[in-house]
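Each remark here refers to the structure printed beneath this line.
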Amino acid sequence: MDTEHEYRPVYQTSLVDPADFWSAAAQAIEWVIPPQQIVDAADKRAARWFPDARLNTCVNALDRHVRAGTVAEGGHADQAALIYVSAMTDTTTVFTYAELLDEVARFAGAMRDLGVVAGDRVVIYLPMIPEAVIAMLACARIGAVHSVVFGGFAAPELAARIDDAEPVLVVTASGGMEPNRRIEYPPIVLQALDLAQTASVRTVIVKQRPQFPTIEFPAAQPATDVLPSSEQTVAARWVDWDATVADVTPAEPVSVAATDPLYILYTSGTTGKPKGVVRDNGGHAVALSWSMRNIYDVGPGQVFWAASDVGWVVGHSYIVYAPLLVGATTVLYEGKPVGTPDAGVFWKIIDEHDVRVLFTAPTALRAIRRADPEATAAHRHDLSRLRALFCAGERLDPATFEWATDTLLAGHPDTPVVDHWWQTETGWPICADPLGLQELPVKPGSSCVPVPGYRLRVLDANGNPVATGVEGNIVIGLPLPPGALTGLWRDRDRFIRSYLSAFPGHYLTGDSGYFDEDGYLYVLGRSDDVINMAGHRLSAGSIEAAIAGHDAIAECAVIGVPDELKGHLPLAYVVLKQGIEVDPEQLRTELAERVREQIGAIATLHSAIIVSGLPKTRSGKILRKTIRQLTAGEHVEPPATIEDPAVLTALADRILANPPLGAPQPAAEDSPTPDLDGDPVAPTT
């Protein structure tokens, strides 16, 4: 391989001369006005990338590929841009680049005719249907700022985001579908508009789905001699998507500044005022385009599938924008990794649609592993064309990594399983195995090496660098590279307070971890998941990795519980693989021994409790803080981001019925005395 394009020299160049590095990367983007200045770092805390340039993100994602003609002519007009697979409706729809551009331009025209202009905000509250992709790209086309809210979020959460973004338009659907339920969206939107303090929303567009009752929207009433028009008296007019786009003149793209906002994305799990991450147009396009080629090794005509949701950052970056920016084909999947209909659905889609790279969450792999431990369903399909399996969202524990490598992809040694790490705030990977530059050896438990553009350090509580192998706070040296957040929506003080004040000159990731002797980063979890035990800082992630390696365990979560003598003790909640029966006492002994062997004698596992499931967000993150609160006997409101509230209820009942030894007990006078000699790891019924 040309050494100039191997990882190490490329990474060094990106740090030593970032302007030259990103100037070269910017050549992949079509500019209305090309950048002359690459970075304005006068305010190092919030660098502005390509500040004198102008472009249109939608043009880069669609128009230029269609303008170049068919595949035979060197373009992508007749190539698949979007493959929509719905396990909920048992349908598959393919949009070519030309067809997707037509849909986007017409919806952009409809928004334009409703008075939406560049800089206006548009809230998109849709399920995983093509209209979600179309609406996002249509906003980019006319310079509107979209804010996608995860479909199914409760009305108060939606109202809080409407109040913060002050949109002029809300785009929704008649409903979303999940394996065991259907959620009607219009009543939620109606309630949110009633709860919201702002009166900014002028119009609500509803995409009607055939699986839901048709809604009849009354026509706008014109003004009369004695009455004003309904548009003057009704707070928000509701209209049908199909009727709105009928006979509309497609919108031409609007040139925007590279530093203008493309979207606002509110981080999950916010309380009080939402925290809206702002992404710009120019840096976003350059960084995502670079990442597709150099990290994921995906280019024109190849199929890329990010099995996530458009409501999350993964969906923004790697379902919608990045694949289209490089002329690839993206997959939009409405369904689950298991149960729609079974644990083989991912592999069926990969086989049928010739997917080159799959990007999913570790929790999805753990769900598949639990349902199909021998990967029998996967082996019914041809996975030989799968180039790589990427994971992010939570740490890929070594046990799941080994299962994916040795069982799921058995017979495919050239298909690496890559754990990589990034955040809503960064918008694209911080650490990864850069397959498009140089495929590096994989180390289980590590998210590999820093991606070019990110100056990573691990610091102690006083801001001093720690030695190799020592855990500390993971930070990124400023300025952040292109594509990272440019701030929080209308809240600069909070941006500085949340990310930049803890370690001056650095962005605080909030994660803890360490570098090994080869420069590989091990992300162990959130900094607040560290367990202080007898003066020793133990990583919950490390303990979880030791426990997850047990043959009976499908997944686990470790928290710290108070102890008068040692401060805190690690407590594990574990989910067994399907069909596994174990003696609880023996399992607890075996898990404690594994922790001692792999972490050290100081890491004494307090207990292990078998549960039927762990509460998670819809993006796959285990709600460890919520588990800590339940264990401590606190009242917990189900987070807005929770995947299945029933799992939380079952866990609460389990803890109440048999509290962990040492955990605080409810203070009710009529509460029965807990049986302290009882077995804390008895299986749930």
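Along the sequence shown, residues carry numbers from 1.
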| request: Measure centre to centre between the rings of Tyr333 and His353, then say whether the value is under 6.0 Å. | output: no
| message | Under a plain distance cut-off of 3.5 Å, with no hydrogens placed, do Asp511 and Gln423 share a side-chain donor-acceptor pair? | response | yes
| Aromatic ring proximity Tyr84/Phe95, centre distance under 6.0 Å | no
| message | With a 6.0 Å cut-off (strictly less than), is the heavy-atom count around CD of Glu581, excluding the residue itself, greater than 12? | response | no
| message | Between Asp382 and Trp347, is the side chain to side chain donor-acceptor pair (under 3.5 Å) condition met? List the steps. | response | CA-CA 8 Å; Asp382 181 6; Trp347 324 120; over 6 Å; no
| task | Over all heavy atoms of both residues, which pair between Pro337 and Val345 is shortest? Give the atoms and the distance, please. | result | O-CG1, 3.6 Å
| message | I'd like to know if the side chain of Thr424 reaches the main chain of Thr267, judged simply by a donor and an acceptor atom lying under 3.5 Å from each other, with no hydrogens or angles considered. | response | no
| said: Once ring pair (Phe, Tyr, Trp, His ring centres under 6.0 Å) is applied, do any residues pair with Phe107, and if so which ones, sequence neighbours excluded? | reply: Trp241
| said: Taking Lys207 first and then Asp240, would you say they form a salt bridge - that is, a charged N and a carboxylate O separated by under 4.0 Å? | reply: no
| field | From Ile188 atom CD1 to Ile183 atom CD1, the distance as rounded to the nearest 0.5 Å | value | 6.5 Å
| task | Determine, for Arg279 against Glu425, whether the closest basic-nitrogen to carboxylate-oxygen distance falls under 4.0 angstrom. | result | no
| message | Can you confirm whether or not the ring centre of His284 sits under 6.0 Å from the ring centre of Tyr321? | response | yes
| message | Ignoring hydrogens, what is the shortest heavy-atom contact between Ala173 and Ile129? Give both atom names and the distance. | response | CB-CD1, 4.3 Å
| task | Run the salt-bridge test on Arg594 and Glu590 with the 4.0 Å N-O cut-off and return the result as yes or no. | result | no
| field | Salt-bridge contact Arg380-Asp351 (side-chain N to carboxylate O under 4.0 Å) | value | no
| Heavy-atom side-chain contact between Cys139 and Met111 under 4.5 Å | yes
| field | Side chain proximity check, Val313 to Leu265, heavy atoms < 4.5 angstrom | value | yes
| query | Hey, are Arg395 and Asp419 close enough for a salt bridge, meaning a charged N less than 4.0 Å from a carboxylate O? | reply | no
| request: For Trp403, enumerate each residue passing the ring pair (Phe, Tyr, Trp, His ring centres under 6.0 Å) test, keeping only those at least two apart in sequence or located in another chain. | output: none
| field | Carboxylate-amine/guanidinium proximity below 4.0 Å for Asp551 and Lys577 | value | no
| task | Kindly state whether the ring of Phe359 and the ring of Trp305 have centres lying under 6.0 angstrom apart. | result | no
| field | Pair Thr631-Tyr573, side-chain donor/acceptor within less than 3.5 Å | value | yes
| query | Is the backbone of Thr363 close enough, under 3.5 Å, to the side chain of Glu555 for a donor and an acceptor to pair up by distance? | reply | no
| Min side-chain heavy-atom separation Val122-Pro167 under 4.5 Å | no
| said: Tell me whether Arg654 contacts the main-chain N or O of Ile609 through its side chain, where contact means a donor paired with an acceptor under 3.5 Å. | reply: no
| field | Pairwise salt bridge (Lys or Arg N to Asp or Glu O under 4.0 Å) hits with a residue in residues 329-340, at least two apart | value | Arg209-Glu334, Lys336-Glu643
| request: Report the residues that fulfil side chain to side chain contact (heavy atoms under 4.5 Å, CB included) with Asp397, sequence neighbours left out, ordered by chain and then residue number. | output: Arg366, Ala399, Thr400, Ala548
| Does Thr376 use its side chain to pair, donor to acceptor, with the backbone of Asp372 at less than 3.5 Å? | no
| field | Residue pairs passing the salt bridge (Lys or Arg N to Asp or Glu O under 4.0 Å) test where at least one lies in residues 179-193, sequence neighbours excluded | value | Glu178-Arg181
| query | Who are the ring pair (Phe, Tyr, Trp, His ring centres under 6.0 Å) partners of Tyr185, not counting sequence neighbours? | reply | Tyr125
| query | Do the rings of Tyr263 and His146 sit parallel, tilted or perpendicular, given the 30° and 60° boundaries? | reply | parallel
